[in-house]
Amino acid sequence: GIVFVACLLTLPICMAIYVFIGVFTMIFTFVITNSPVLELIANLILIGLNIASSALIIPFWQTIQAIIYYHLKEIGNR
């Protein structure tokens, strides 16, 4: 139940982020013309976007983990 709800909450966020990263990659593919400096900049930006997307998703899963822990603890006290 709770994990399914977590997937439903994070799925649209993940999809939006991956679409944005895909569009960004396509744009840089057309812009970069055999320039190693631009390729390096594009790769660093993509790495930063991937780290930022993880930073957006992880708090949702941590919150859900805390809810599950609290719920199991409450069941154990009955």
Side-chain angles (χ1 to χ4, degrees):
I2 294 176
V3 175
F4 180 70
V5 172
C7 290
L8 290 179
L9 287 174
T10 56
L11 186 64
I13 297 170
C14 290
M15 289 175 58
I17 290 169
Y18 290 130
V19 166
F20 177 73
I21 290 174
V23 169
F24 184 79
T25 305
M26 294 292 284
I27 290 172
F28 265 96
T29 302
F30 290 118
V31 171
I32 296 173
T33 55
N34 296 328
S35 173
V37 175
L38 287 178
E39 287 181 19
L40 176 65
I41 291 171
N43 285 331
L44 289 175
I45 291 172
L46 287 173
I47 290 170
L49 286 173
N50 283 324
I51 291 171
S53 67
S54 295
L56 284 174
I57 299 301
I58 289 174
F60 286 110
W61 284 100
Q62 291 295 328
T63 303
I64 292 162
Q65 180 183 4
I67 291 169
I68 292 171
Y69 175 77
Y70 177 76
H71 181 69
L72 290 176
K73 187 177 176 184
E74 186 177 295
I75 290 174
N77 289 336
R78 290 184 185 177

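Since we're looking at a predicted model, the values are computed, not measured.
- To the nearest 0.5 Å, the span separating CH2 on W61 from CD1 on I68 amounts to 8.0 Å.
- Considering only residues two or more places apart in sequence or on other chains, S35 meets the side chain to side chain contact (heavy atoms under 4.5 Å, CB included) condition with V37, L38.
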Report all side-chain donor-acceptor pairs from residues 50-57 shorter than 3.5 Å, counting only partners two or more places apart or in another chain.
unit_1, atom_1, unit_2, atom_2, d
N50, ND2, L46, O, 3.2
S53, OG, L49, O, 3.4
S53, OG, N50, O, 2.7
S54, OG, N50, O, 3.2

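- Annotation: the span from F28 atom CZ to I45 atom CD1 amounts to 4.5 Å, rounded to 0.5 Å.
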Can you give the donor-acceptor pairs under 3.5 Å from side chains of residues 6-26 to other protein atoms, not counting sequence neighbours?
unit_1, atom_1, unit_2, atom_2, d
T10, OG1, A6, O, 2.9
T25, OG1, I21, O, 2.8

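- Sequence neighbours left out, the pairs with a member in residues 59-76 that pass salt bridge (Lys or Arg N to Asp or Glu O under 4.0 Å) are E74-R78.
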